[in-house]
Structures are given as structure tokens and as C-alpha cells.
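Here is how names work: the chains are called A, B, and so on, in the same order as the sequence lines, proteins then strands, and each is numbered from 1. Since we're looking at a predicted model, the values are computed, not measured.
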Amino acid sequence: RLTERFDDIFQKIKGQGIINEKNVDEAIREIRIALLEADVNYKIVKELLAKVKEKALGRKVVKSVSPGQAFVKIIHDEMVNIMGEGFSGLELEKNKPATIMLVGLQGSGKTTHAGKLAVYLKKKYHRPLLVAGDIYRPAAIEQLKTLGKSIDVPVYAGDTDMSPPEICREALKYAEQNSLDTVIIDTAGRLQIDEPLMEELNEIKKEVTLNEILFVADAMTGQEAVNIASTFHNKVGMDVVCLTKLDGDARGGAALSIKYVTGKPIKFAGTGEKLSDLEEFHPERMVSRILG
Amino acid sequence: FKGKKTVDDELFDEMEAILIQSDLGVTPALDIVEDMRKQARERKVREPGQLLELFKEEILHLLEGSEKTYAFSSSPFVFFVIGVNGVGKTTTIGKLGWQYVQEGKRVMIVAGDTFRAAAVEQLQIWAERAGCTFFSKPMNTDPSAVIYEALQKADKEGFDCVLVDTAGRLHTRGNLLDELKKMNRVAKKVIPDAPHEVVIVLDASTGQNALAQVKTFHEHLPLTGMVITKLDGTSKGGIAVSLYHDYNIPISHIGIGEEVEDLREFSAKDFVEALFL
Ligand SMILES: Nc1nc2c(ncn2[C@@H]2O[C@H](COP(=O)(O)OP(=O)(O)OP(=O)(O)O)[C@@H](O)[C@H]2O)c(=O)[nH]1
Ligand SMILES: Nc1nc2c(ncn2[C@@H]2O[C@H](COP(=O)(O)OP(=O)(O)OP(=O)(O)O)[C@@H](O)[C@H]2O)c(=O)[nH]1
Ligand SMILES: [Mg+2]
Ligand SMILES: [Mg+2]
């Protein structure tokens, strides 16, 4: 465990009461390896550790706390600072019907999350509408319809010749006509470097006023999490993030990377394949998980 | 890198950054860089271009023997395609089926995912695109029962190849790993050597967790091949180097897109070149 490893490093400075440069460098090397093994982005690790080193040097070690513990606390607090505060709900007030668009890479869990979100909103007495915005993936519409049926939530699917922006526009009308107050748009998975598909998302934005753009990311994403998230954010925009497959054992460094580079809060955690497997994201718990 | 004129510490740092950012893994990357420092000294490497070649050589050496082409040594030749959720198993089966059909093979695609919404419908569309025979049972049928019947049919009707799609499963779910083992046992009841290939599909954008995935799946059902998908994205899939180094499971293909022809045989040389682009 990290605390023990740091205690060993700082054993040599016991009684000195001050963490000095040499043993801090050794501890920094250890934490660097731990963070990179946890998939935190290389450049972010560099910046984070520069801050940690600054804070650790010259700090008096409180008698009741081992220097290892003191060091871990500095890192822990720095990371919690990056992750931001806990869950604060979705912005569902400024437009009616409130419209949320899910975006992200292929296979990240968007369609499943759309279903989970619908369940979550129903529990809060909303009347959601799911919109089948993925016209490319084989049986994508079928998948969303099946999920909708299982939770008794209507699914709007366009005619076969409609583009996603058109489908979304018509879906909004359908929502209004049927007094459905929240519209959840599922979109096709896409690479952030696919210009026409990224533009498609902006076309959807032109057709419907969005309350939230929700970026769905896989918790096991590696170093590219930074480029992926920042490109989605710069080209389309994102307001909220959902991290999926947290029921696995990926350390989830991508969470830190995504928050660091976009500044957008991670609000949801996908913790399984059932539509009830949705939790509010806990930043502090994520930090402990990343630190391993 | 391009502007560098000398082989110095800064250049080695840059190489380290490239390797780590490719998801190769921090400890393997540090080991390679350390080794390269020694070699550069011994071989008196002074040009940055030369150093780059040295790095490529080293990684190519680590990937020696990593390429694999499946040879249908018996009939029907059975593949289990497994992996965690959303990596591209179903899509890869469609692509692979199409490739074998182009080669004149008679291919059966089996809907072993009887759990996820519209999994059977999705695979059916791929089977049609690929010109393969499609075999499925109703949703929630025990996947082992699906395999049992499918293999009996494939054997009886003289299929060359059977591609079995399975539900995505996290390697942390013991009961789902048991389900795979049961599918394996049941397959052997029909065809003693089946499955002839157990292929794990990995997403190129996955970080260090790929190691845990391969380790655990391999412990429960010995893997004979790996496929790395979504290499058309910006992730380099550097984890493949550590995976091959640690588990010696060869890589047969890479996925480079969402269309039926977007599958390539794995080339270690091309892979290493791409790592440094
Ligand atoms: N274990 C686990 N599996 C999940 C979670 N979220 C989604 N999945 C699974 O991940 C796989 C992919 O989910 P989808 O919802 O189809 O992903 P997607 O982003 O819509 O995929 P594309 O539309 O192809 O881009 C499915 O097998 C889901 O059941 C999660 O939180 N935990
Ligand atoms: N860009 C790109 N996308 C891919 C590739 N392979 C698969 N995909 C996409 O990834 C998503 C998931 O693919 P699936 O084949 O459904 O993945 P799966 O492993 O069968 O998913 P589950 O059965 O839900 O576990 C789909 O949107 C595919 O089109 C690839 O090589 N490149
Ligand atoms: Mg989807
Ligand atoms: Mg599948």
C-alpha cells in the first residue's frame, strides 16, 4: 500500500521532523509510477507532482502522523482538489423539455447509460423520452427500444431517411405533444478525430436547445483520455461526464485526466449492465481508487 | 523529436514520454529507456534518427513471434470470441466472417450473447453483411445450449468455420467466467478439440487494465489469440507490447474501423512504426 511504501522512504528522516528534497524525490518517483499505472495522463502526473513536491518540501511533520501518511495526504488533497465537489444534479430547468445529449467513443456505454438515466429521472418524477440518435450501428435503434420497453419509457425513432439532427428536432415535438419533460438523446459512438461525425453533433445542437451534453467515458481508458475529452469539449462542448464500467477493477486514472483537462464535473458512475446500475459519482472515493 | 540535433537526456525523456503515452506501461517503458541508454553508449549512437531506429528495433524484438494467422487444421474450426464489454467482439466477428467467406470458406456465426439488448439482432445483421450462416436461439437461452446445438449443426452440415460471439463480461465477474468455462466444456462434448481458437478482443484505448483482463481470462480459459480494435482512433495500443511480453499470446488482427472490411492482419513492423508517429 502506498502509505507503507512512503513510510519506508521517510523512515530515514524520522526525528528530523522535516521532509527534505532527497527523500521527497524518492517518494515522488514512487507516486509517479503508481499514478501512471493507474492510467493518469503523463503530462498531468508531471504537473500534479510538481505541485505536490512544492507542498511537501519544508513541511514540518506532525508528531502524531507518520511522514508517509503526511505525504499521502498532500497527494490525496491535491487530487481531491482537481476532482472537485460531489454530485450536484443535472441542469434540467433552463429549457423545457430539458434535453440531454449523450456523446462519446464507440462502446463506452452511452446507450446503456441513456436507459439508466431514464430510470434515474423517472424516480425523480420526470417523464423522460429516449431518442434513438444512432442510425449507423446495426440494431442500435432496436437496442434502445428494447431498453425503453423494459423500463416503460417511450423511445422516439425517426423514419429510415432522417438524419440525427432531424430525428432530434422531431423528437422534441413528440415530447411536447406527449407532455414528456426530459429528452435523452443517444448518439452513435464516434472518434473525436472524425470531423463529419463531430460536426453532426453540432448540427444536433443547432436543431435543439440542449440543457446538458453528457460525455460518456469508459473507466478503463488509458493515456488518450485527455485528448479524447478535450477534443470533444473543444469541438462540441461538454457539461457533465459519466464514467462507466466502474464495477470492474480499472484504477480509473482517466477520471482525473478528464476532469483536469475539461474542468467538467463527473456526475455519474456506471456500475454494471443493469439499468439500475447507476450511482452518483463520488470524487473522494475515486481518488482513493486511483491511488490504489 | 524532429528538431533535436543531439542524443541527450532530453531526447531520452521524450522517448520515455512517447512510450508511456502509448499505454505501453510505465515500468516497461522505463526499462526500455534504461536499456536504450546503455545501448546508445555502447554503440556510440549520436544521431537522434539513429536512436529512434534503436528504439524501434528493441520493441520489434520484444514483439518477435507475436504475429499469428489462424490455420483451419480441422473441420469445423471453432472460434470463441471473448472480452470485456463494448470492445468490438460482435463487429470483429462480422469482419472476420466476411474475410473467410471471401476466401471461399463456409462460415457459421453463432449468437452466444443471449443476454444484452438487441445483441442477437446486431449479430444477425453482421452475418448477413458477411455472407455467413447465422445461428441463434431465443434471448436468455443458456449460451452453452446455443453452442451445443450450433456445433452439432456445423459439424453435420460441413461448415469450415464457426465464429461464436459471447456476451461482454468484466473479468471481475466470477460467475461470468464460470459461464465461459461451461461453454468450453459443452463445446468439447460435440467437437472434442473445440474451441480451436479462443480469441480475446481488446480495445486499443484501454490502459493498464488490459493486463488484468488478459491475465484473468487466460487463467480461466487459455487464450490463443488477441485482436486489438479501434486502432483507427488516436490510442496507440502500446499495451500490446506488455501483453505479449507477459503472456506470449499472439496477435492475429487489428480493427481499424466500423465497416466489414476494416480488419487487418497484425503486423508487428507496422505497429511499431505507428507507435512513434
Ligand atoms: N459492466 C458494465 N458494463 C457496462 C456498463 N455500461 C455499459 N456496459 C456494457 O458495455 C457494453 C457497451 O454498452 P453500449 O451502451 O452499447 O455502449 P455504446 O456507447 O452505446 O456503444 P456504441 O453505440 O457502439 O458507441 C454493453 O455490453 C453494456 O452492457 C457498466 O457500467 N458496467
Ligand atoms: N472505430 C472503430 N470502432 C469499432 C471497431 N470495432 C468495433 N467498433 C465499434 O465499437 C462499438 C462496439 O462494438 P461491438 O461489436 O458491439 O462490441 P462488443 O464487444 O460486441 O460489445 P458487447 O457485446 O456489448 O460487449 C460499435 O459501435 C462498433 O462499431 C474498430 O476497429 N474501430
Ligand atoms: Mg450505443
Ligand atoms: Mg457484442
Hey, which of B:Lys236, B:Arg173, B:His171 has the most heavy atom pairs under 4.5 Å with chain A?
-> B:His171

Residue among A:Lys43, A:Glu142, A:Gln192, A:Gln106 with most heavy-atom pairs under 4.5 Å to chain B = A:Gln106

Cationic N near anionic O, under 4.0 Å, A:Arg137 to A:Asp134 = no

Modelled atom types, side-chain donor and acceptor of B:Thr234 and A:Glu224, under 3.5 Å | yes

Among B:Asp35, B:Thr27, B:Val33, which one satisfies side-chain contact (heavy atoms from CB on, under 4.5 Å) with B:Asp31?
-> B:Thr27

With distance as the sole test, does B:Asp8 use its side chain to make a donor-acceptor pair with the main-chain N or O of B:Leu11 at under 3.5 Å?
-> yes

What residue in B:Gly238, B:Ala17, B:Gly168 has the most heavy-atom pairs under 4.5 Å with chain A?
-> B:Ala17

Any chance the side chains of B:Arg116 and B:Gln122 put a donor and an acceptor closer than 3.5 Å?
-> yes

Applying a strict 4.5 Å limit to non-hydrogen atoms, the region of B:Glu121 in contact with chain A is both

Which portion of A:Arg32 sits near chain B, non-hydrogen atoms under 4.5 angstrom = side chain

Ion pair check, A:Lys53 and A:Asp25, cut-off under 4.0 Å = yes

In residues 150-158 of chain A, which residues are in contact with chain B at a heavy-atom separation under 4.5 Å?
-> none

With a 4.5 Å cut-off on heavy-atom pairs, point out which of B:Ile239, B:Val87, B:Asp232 contacts chain A the most.
-> B:Asp232

Any ion pair linking B:Lys230 and B:Asp203 (charged N to carboxylate O, less than 4.0 Å)?
-> yes

NZ/NE/NH1/NH2 to OD/OE distance under 4.0 Å, B:Arg37 and B:Glu34 = yes

Residue from A:Leu105, A:Thr221, A:Ile141 scoring the most non-hydrogen pairs under 4.5 Å with chain B is A:Thr221

Do you see a donor-acceptor pair shorter than 3.5 Å between the side chains of A:Asp249 and B:Asn209?
-> yes

Under 4.5 Å from a heavy atom of chain B, the part of A:Asp247 involved = both

Chain A contact via B:Gln213 - side chain, backbone, both or neither, heavy atoms under 4.5 Å | side chain

Interface moiety of B:Val84 toward chain A, non-hydrogen atoms closer than 4.5 Å | side chain

Restricting to pairs with a member in residues 82-98 of chain B, which pass side chain to side chain donor-acceptor pair (under 3.5 Å), not counting sequence neighbours?
-> A:Glu273-B:Asn85, B:Thr90-B:Asp165

Part of A:Leu36 within contact of chain B (heavy atom distance under 4.5 Å) = both

Atom NE2 in B:His253, atom CG in B:Asp262: separation rounded to 0.5 Å?
-> 13.0 Å

